[in-house]
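Below, chain A is the first sequence line, B the second, and so on; all start at residue 1. Reckoned from all heavy atoms, side chains included, excluding hydrogens, waters and symmetry mates.
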Amino acid sequence: MEFSEIEQKWQKKWADAKVFEPDASESMKFFLTAAFPYPNSPQHIGHARTYTTTDVYARFMRMKGYNVLFPMGFHVTGTPVLAMAKRIAEGDKEIYGIFKDVYNIPEHIISQLNTPEKLVDYFSREIELGMKEMGFSIDWRRKFYTYDKMFNKFIEWQFMKLSEKGYLKKGSHPVPWCPKDNNAVGSHDTQGDVDPNIDEYVLIKFKFGEYYLLTATFRPETVYGVTNLWVNPAVNYVRIESNGESYIVSSDAAEKLKHQMKLEVKEQIRTVDLIGRSCKNPITSDEIPILPAEFVDPRNGSGVVMSVPAHAPYDFLALRDLKGSSFEKYSDRLIQVIELSGYGKYPAKEISERMGVANQQDRKAEQATEELYRAEAHGGKMVAGKYKGEKALIAKEKIKQDMLAEGKALLIYDIINGPIYCRCGTLCVVKRVENQWFINYGDDGWKKQVKECLKQVRIIPEKTIVEYEYTIDWLKEKACVRASGLGTPFPFDKTQIIESLSDSTIYMAFYTISNYLKDVDAEKLSSEFFDFIMLGKGDAKRLSLTSGIDEQLLNRMREEFLYWYPLDSRHSAGDLVHNHLTFFLFNHVAIFPPELWPKQIVTNGFVLMEGKKMSKSMGNILPLREAVKKYGTDIVRFSVVSGADLSQDADFNPTMAEGIASRMGSIAMLVERCNEFPSDTANVDRWLISAIHKKVKSSAELYKKLELRDIAQEALYNAVNELRWYLKRGGKNRNSLREYLEYLTLLLAPFMPHFAEEMWEKLGKKEFVKNSEFVSIAEWPTHDENKIDRVADLSEELISETREDIENIIKITKVTPRSIYLYCASDWKRKLYTMAFKEKKFDVVMKQAMTDDRMRANPQETQRVLQQFIKNIGHLSSLVLTLRQEMEALEGAKKFLSVEINADVYVLPEEKAEGEHAKKAKQSTPMKPSIFFE
RNA sequence: GCAGGGGUGGCGGAGCCUGGUCAAACGCGACAGACUCAAGAUCUGUUGGCUUAGGCCUGCGAGAGUUCAAAUCUCUCCCCCUGCACCA
C-alpha cells in the first residue's frame with residue numbers, strides 16, 4: 001500500500017467536494033475547536049495529539065449526522081515570536097542549530113526569517129501544510145492571526161466588556177526585569193531559558209543613629225530572637241534616601257531597589273563605622289551589636305542580615321566563628337523564638353552540631369538551613385512575642401502585616417533562583433511596575449458564576465474537574481498587558497499590548513464570522529458591531545448606517561454566530577487547565593449569557609518519543625511533517641491518539657507504527673479478497689457477525705466519551721485478531737467477511753480517514769451498511785441486537801478453551817494421543833450449575849438440588865459436582881450452553897481441532913462413555929468437557 | 001508548602017469506579033519451530049514457579065483490615081511524576 005498516494009488522493013477529493021466547509025444550515029450543528037498553534041517553530045508529533053483527538057471527534061460527530069465546524073487560526077500574540085526573529089537576525093547559533101538539526105530547515109531559509117512577520121508567515125504556512133497532510137477536517141476559510149486588524153477590534157471589544165463589568169483593575173506588580181532592555185523578561189528572554197522565580201522579602205528597619213539598617217528576611221517572625229546584625233566587611237555599603245528616611249544597604253542591593261522604590265544613593269558607608277556599634281530592634285527595642293560575617297551575600301536581599309542564632313544555622317555558625325576574636329563575648333547569646341518538637345531550645349545549634357558543620361563556609365550549612373527551615377515552617381510554634389502559642393507560619397504573616405502597618409518594615413521582591421541573565425547579558429532584577437493592568441479573576445461574584453458555569457460544562461476526562469475547581473478558587477489578579485510584543489494594543493492605554501493568555505479566551509466566537517470579515521474594513525468593526533453580532537444588541541439597519549457594513553451581511557453574521565455558538569467542545573492539552581481553559585470559562589461567563597457558555601472541555605496528555613519526553617536538548621523531537629512522510633498519516637494519527645488513555649501521555653515508537661501498518665495490511669488484503677470467498681456458512685460465521693455487532697454497539701459510546709484508546713484496541717487490534725481466528729477456524733463466507741469489513745471500515749474512519757476511504761472505495765457497493773460517496777460523511781452504523789449471539793460467543797469460547805486444555809494435557813503428560821474423546825456434561829449438571837451461580841452457597845443449592853429427581857437419585861454425585869462449582873464459584877458465568885448446543889459447537893469444530901492437535905476427535909455425551917472412559921467422562925462439567933486420550 | 005496524577009509480569013500498558021470468569025487484555029521484547037543458501041519480513045507456538053490429566057503454589061509498592069473471595073474496597077506508610085502565573 002502506498003500511503004502517500006492514498007493520502008493525497010483523498011485529501012484532494014475532500015477539498016474538491018468541500019466536505020469540511022460548513023455554513024449555518026437546518027441540520028444539527030457541532031462546533032469544536034482546539035487550542036490554536038503558536039507559529040514560532042514547526043509543529044512536532046506532540047502537537048498532533050490534541051489536533052488528532054479533535055479531528056477524530058469531529059469526524060465521528062460528522063458521521064453521526066451533525067453539521068460539524070472545526071476551524072483553525074494562529075496565535076502570534078506576545079514576545080516569543082519577536083525574541084525568535086531577533087535571535088535569527090542576530091545569527092544566534094543555538095537557534096540556527098535547532099532549526100537546522102531538529103527541523104531540517106535549510107540555512108538560507110532560516111536567515112530570511114529575521115522579522116516577526118516573515119517568521120510567522122513561514123511557520124504558520126508550515127503548520128497549515130502539516131495539518132492538511134494530517135487530513136484534519138478543518139475549515140480553512142476561517143483562518144486568522146491574532147495580530148490581524150479585525151481580530152484586534154474583537155479583542156478591544158472584549159476588554160471593553162470586561163471593563164464595563166468592572167473586571168479590569170489597575171495596580172503595581174513585580175516582574176522580572178532587564179534594566180538594559182528596559183523590559184520584562186520571560187523564560188525565553190533569559191540565558192539558558194531559565195524561568196525567573198520571584199519571592200518577597202521583608203526588610204526590617206533597625207534604627208542606627210539617624211539612619212536605619214535594612215535587614216532582609218524570609219522569616220520576620222524570628223525578629224524576636226535577633227541577637228545581632230551581620231554585615232560583610234568585604235562588601236560596599238551605601239546610605240540611600242527614600243521617603244524621607246535614610247537606610248544602609250549594600251550597594252548591590254541599592255541598585256536592585258531602585259527598580260522597586262524611589263531612592264537616592266547618598267554616600268558610601270565604611271564597614272568599620274558599623275561593626276562593633278549597636279542598633280535597635282524595632283520590635284523588642286533591644287540594643288544589639290553589629291558584627292562581621294563572611295556568609296553575607298551583598299546581592300541577596302539588602303546585604304544586611306539579622307542574626308537569629310537559635311533558629312538559623314548560618315547565624316549560629318557565624319557567631320561561633322567569632323570565638324577567639326574581639327567579639328567573642330557575643331558568641332554564645334541565643335534567644336529561642338520557636339518551639340519545635342524533636343528539638344530543644346536552640347534547633348540551629350543542635351542541627352549544626354549533629355550534622356557536624358564546621359563553619360559558615362561549610363557546604364553542610366546550606367543543608368542544615370534547608371532542613372531546619374522546613375521543619376520550623378511545618379511544625380514550629382511561637383514561644384516568644386505577641387503571637388506566642390500560634391503556629392510559626394501564621395505568626396509570620398501577622399508579624400509581617402503588623403510591621404508593614406507600623407512602618408517598621410518594607411516589602412521588596414527578589415529573584416530567588418538567581419542570578420539570572422538576560423540574553424543581552426545583563427543581570428535581571430525585579431521591577432515594580434506601576435499602573436499595571438489586571439483582569440481581576442479574584443472577584444468573588446465572578447468566581448461564583450464561573451463555578452455555576454463549571455457545573456454545566458461536561459469535563460473530559462471527568463477526573464480533571466477538581467483541577468478546574470481548584471484553579472477557579474486560586475486565581476487572583478492576572479496582569480493582562482505588557483510593554484512589548486505582538487497583539488492587540490490595550491484600549492485604555494495604547495502603549496501597552498494585551499498579553500497572550502488574555503487575548504485567547506473567547507476567540508472561538510470569532511471563527512463563526514471570521515470568513516465574512518475578510519473583505520470588511522477593520523475600522524468599521526466598532527464595539528456596536530460586536531455588540532450586535534455576539535450579544536444581539538441594537539439592530540442591523542441602524543448599525544448598517546453607522547458602520548457602513550451591508551445590512552444583509554450583518555444579519556448573516558449574526559445568524560452564523562447564533563447557529564454555531566455556544567462552543568460544543570474545546571480541546572487542548574491538559575497543562576492549560578490551570579490558565580487558558582479556566583480563563584476561557586471566566587471570560588465566557590463575563591461576556592456571554594449562560595446559554596452561550598461552553599458545553600464541553602476535553603483535555604489530553606502529551607506524546608513521548610520512545611518512552612522519553614521530547615526536548616531540544618535530548619534531540620529527540622520528531623517533526624510532524626517528517627513523521628507523516630516516514631510513517632504515513634493514518635499511522636501517525638492512530639498512534640498519537642490510541643497509545644494511551646486520553647489524560648495519559650502516549651508513546652510514539654517505530655515498532656508501534658510498524659504494528660499498525662501490518663494490521664492495516666491484513667485488513668486491506670481481506671477487503672480486496674473478500675469477494676473471492678464462497679458462501680458456505682458455519683457456526684463460526686454467527687460468531688464473527690456477533691463480534692462486529694458487539695463492536696459497533698460499544699463503539700458509539702466509546703467515541704462519545706473519547707475513549708479512543710479502547711476504540712483503537714477494538715477496531716484495529718482485536719478486529720484483526722478476530723478475523724484471524726475466523727479464518728483459522730475455517731471460516732470462509734464471503735458475506736460474513738463483507739459485513740464485518742463494511743462495518744469495520746466505518747468504525748475506523750474517524751481514526752484513519754484516508755485508509756478508510758480507500759477501503760470504502762475498494763468494497764464497492766455496500767451490502768450491509770448505507771452507502772455514500774465518502775466514508776467520511778457516511779452514516780454512523782447502528783448495530784443489530786439480534787445478531788449479537790451469546791450462544792455463538794460461548795461456543796467459540798468453548799472451542800478455544802477445550803483446545804487449550806487438550807494442549808495443556810499433552811504438554812504435561814507428554815503423551816501424543818491418536819484419538820481424543822470429548823465427553824460433554826449432562827443437562828442435570830447444567831441445571832445445577834445455574835443454581836450454583838445464582839445462590840453461591842453450598843447448603844442452599846444442595847437443598848434446592850434435592851427437589852430435582854435426577855439429582856436426588858444420585859446425591860453423592862450431585863454433591864461432588866456441586867462442590868466443584870462452589871470451589872470455582874467465581875469462574876461460573878450467567879449463561880451456559882445446553883448439552884445439545886455444546887455438542888453441536890464441538891462437532892462443528894471437530895475438523896479444526898483434529899488439524900490443530902493432529903488426532904482424531906470424537907464428541908459424545910457423558911452417558912455414552914463406556915469402560916475406562918466412563919470414570920473420566922463423569923468429571924465433565926458445563927463448558928468443560930472431559931477429555932480422554934487414546 | 002499547596003494541588004493533581006501515579007507505583008501491576010523482561011518492558012510499555014489495561015484491569016481498580018461496579019470485588020469473583022485475573023497468572024492478569026493488547027502490544028513489544030525474548031525463546032523455539034516453519035519458510036529461506038542466509039538475514040530480514042511473515043506465519044506457528046512458548047514466555048512466574050512446580051506438576052506425566054486440564055491441577056497446585058507464589059504474585060499486582062509495603063503493612064494491616066473488611067469479605068466465603070481483594071490488583072480491585074478501607075486505613076497507615078514508603079516512593080515517583082506534573083503544575084503553581086504574567087509565560088506561550
Problem - Pair assignment for B:U47, Watson-Crick or G-U wobble, requiring both distances under 3.5 Å - result: B:G29
Problem - Pair A:K169 + A:D443, salt bridge at N-O below 4.0 Å - result: no
Exercise for the section: Measure the acute angle between the ring planes of A:Y441 and A:F583, then classify it against the limits of 30° and 60° as parallel, tilted or perpendicular. Expected result: parallel
Completion exercise
Its contact letters, B for base, S for sugar-phosphate only and - for none at protein heavy atoms under 4.0 Å, make nucleotides 82-88 of chain B read -SSBBBB
Problem - Whether A:F490 and A:W437 hold their rings parallel, tilted or perpendicular, with breakpoints at 30° and 60° - result: tilted
Practice task
Considering just the side-chain nitrogens and oxygens of A:R663, establish if one lies under 4.0 Å of OP1 or OP2 belonging to B:C26.
Solution key: no
Handout entry: Ionic contact status for A:R49 with A:D649, cut-off 4.0 Å
Key = no
Problem - Side-chain donor/acceptor contact of A:N808 with base of B:G54 under 3.5 Å - result: no
Handout entry: Identified pairing partner of B:G20, criterion: Watson-Crick or G-U wobble below 3.5 Å
Key = B:C68
Exercise for the section: Run through A:T471, A:N440, A:I472, A:I439 and flag the one making a side chain to side chain contact (heavy atoms under 4.5 Å, CB included) with A:F586. Expected result: A:I472
Exercise for the section: Write down the distance between CZ (A:R724) and C1' (B:U42), rounded to a whole number of angstrom. Expected result: 10 Å
Practice task
Let me know the distance between CG of A:D649 and C1' of B:C81, rounded to the nearest Å.
Solution key: 10 Å
Problem - Touch class at under 4.0 angstrom, heavy-atom based, for A:P461 against every strand present - result: nothing
Practice task
Give A:Q648 one of three labels, base, sugar-phosphate or nothing, depending on what nucleic acid heavy atoms sit under 4.0 Å from its own.
Solution key: sugar-phosphate
Problem - Nearest-Å distance once atom C1' is located in both B:G55 and B:U51 - result: 8 Å
Practice task
Mind calculating the distance between CG (A:D651) and P (B:G29) to the nearest angstrom?
Solution key: 14 Å
Practice task
Counting heavy atoms from C-beta on, name the nucleotide in B:C28, B:G27, B:U44 closest to the side chain of A:N721.
Solution key: B:G27
Fill in the blank from the handout: Rounded to whole Å, the NE2-C1' distance (A:H917 to B:A53) equals 14 Å
Exercise for the section: Can you tell me the distance, in whole Å, between the CD atom of A:Q713 and the C1' atom of B:G12? Expected result: 13 Å
Exercise for the section: Take atom CZ of A:F652 and atom P of B:G27, then tell me their distance rounded to the nearest Å. Expected result: 19 Å
Exercise for the section: Under 4.0 Å between any heavy atoms, over every strand shown, what does A:E467 touch: base, sugar-phosphate, or nothing? Just pick one. Expected result: sugar-phosphate
Practice task
With heavy atoms under 4.0 Å as the rule, sort A:K920 into base, sugar-phosphate or nothing.
Solution key: base
Practice task
Give one of base, sugar-phosphate or nothing for A:K919, where a contact means two heavy atoms less than 4.0 Å apart.
Solution key: nothing
Practice task
Name the pairing partner of B:G4, where a pair is Watson-Crick or G-U wobble with both distances under 3.5 Å, or state none.
Solution key: B:C81
Practice task
Please tell me if the side chains of A:I155 and A:T77 come closer than 4.5 Å, counting only heavy atoms from C-beta onward.
Solution key: no
Exercise for the section: Indicate yes or no: at least one non-hydrogen side-chain atom of A:L475 is less than 4.5 angstrom from one of A:K447. Expected result: yes
